[in-house]
Amino acid sequence: MARIKIDLPEKFGFSTTIPIRIQDVNYGGHVGNDAILSIMHEARMQFIQQAGYKELDHEANTGLIMADVAVSYKGEGFHGDIFTVAVAAGEYGPFGFELFYHLTTQRNGQTITIACAKTGMVCFDYNTRKVMKLPAEMKAALESLSS
């Protein structure tokens with residue numbers, strides 16, 4: 001069986017911490033895959049906001065929409081863990097970019113990688129419901145925050 005391989009960037013200029021809640025835990029007793037996506041979404045919102053943007057901005061006719069996602073699970077997370085989620089942008093194209101995520105936690109004095117992931121983000125005008133070009137100033141802000 002082929003496994004997803006995600007090549008993370010060497011540097012992450014942004015990170016946030018997210019505590020694991022009981023509702024993030026599934027019947028297997030660990031953080032569920034749906035919760036991982038939700039945690040990534042929260043980290044993405046914080047990253048985009050730190051760059052001075054929003055995922056959805058009707059007034060400016062700019063926004064972002066997720067085109068795809070890939071997650072490679074590396075370890076288990078549990079209720080009470082505090083995840084550090086590092087986020088960086090890269091792989092820029094005319095209409096979007098990729099966001100890379102490195103989710104870790106500290107346990108017993110060790111850093112444990114929970115997951116590595118990436119999302120393909122496309123610039124989207126929510127008023128016209130059409131893909132739009134990646135604004136140069138947004139790209140510059142994301143590049144600055146990612147280094």
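Note that the structure is predicted; figures quoted are calculated from it, not measured.
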Listed partners of [X] passing side-chain contact (heavy atoms from CB on, under 4.5 Å), at least two apart:
X      : answer
Gln49  : none
His102 : Leu8, Phe12, Ala86, Thr104, Thr113, Cys116
Val131 : Phe95, Val122, Phe124
Glu10  : none

Report the distance from atom [atom1] of [X] to atom [atom2] of [Y], rounding to the nearest 0.5 Å.
X      : Y      : atom1 : atom2 : value
Ser72  : Lys118 : OG    : NZ    : 11.5 Å
Gln23  : Ser38  : CD    : OG    : 9.5 Å
Ile48  : Leu64  : CD1   : CG    : 5.0 Å
Ile36  : Tyr101 : CD1   : OH    : 12.5 Å
Glu98  : Ile6   : CD    : CD1   : 9.5 Å
Asp125 : Lys130 : CG    : NZ    : 9.5 Å

Is it the case that one hydrophobic cluster holds both [X] and [Y], taking links as side-chain heavy atoms less than 4.5 Å apart, direct or via other members?
X      : Y      : value
Met121 : Met132 : no
Ile65  : Leu134 : no
Tyr73  : Phe83  : yes
Met45  : Tyr126 : no
Val71  : Phe100 : no

Checking [X] side chain against [Y] main chain: does a donor-acceptor pair fall under 3.5 Å?
X      : Y      : result
Asn108 : Gln110 : no
Thr105 : Ile82  : yes
Asp68  : Gly120 : yes

Exercise. How are the rings of Tyr92 and Phe97 set relative to one another: parallel (under 30°), tilted (30 to 60°) or perpendicular (over 60°)?
Worked result: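 Correct class here is tilted.
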
task = Specify the closest pair of heavy atoms between Thr119 and Met40, including all atoms of both residues, with the distance to one decimal.
result =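 For Thr119 versus Met40, the nearest heavy atoms are CG2-CE, 3.8 Å.
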
Cys123 to Lys133 - nearest heavy-atom pair and separation: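 Smallest interatomic distance, heavy atoms only, reads CB-O, 4.0 Å.
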
- Message: Enumerate the salt bridge (Lys or Arg N to Asp or Glu O under 4.0 Å) contacts for residues 33-51, please, sequence neighbours excluded, ordered by first and then second residue.
- Response: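 Matches after skipping sequence neighbours: Arg44-Glu55.
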
Pair up each side-chain donor or acceptor in residues 139-147 with any protein partner under 3.5 Å, not counting sequence neighbours, and list the distances.
{"unit_1": "Ser146", "atom_1": "OG", "unit_2": "Ala89", "atom_2": "N", "d": "2.7"}
{"unit_1": "Ser146", "atom_1": "OG", "unit_2": "Leu142", "atom_2": "O", "d": "2.8"}
{"unit_1": "Ser147", "atom_1": "OG", "unit_2": "Glu143", "atom_2": "O", "d": "3.4"}
{"unit_1": "Ser147", "atom_1": "OG", "unit_2": "Ser144", "atom_2": "O", "d": "3.3"}

Quick one: do Val85 and Ile39 satisfy side-chain contact (heavy atoms from CB on, under 4.5 Å)? Show the steps, please.
CA-CA 8 Å; Val85 185; Ile39 290 164; 3.8 Å; yes

Exercise. Give the intermediate values and the outcome of side-chain contact (heavy atoms from CB on, under 4.5 Å) for residues Ile18 and Leu103.
Key: CA-CA 10 Å; Ile18 299 177; Leu103 290 76; over 6 Å; no

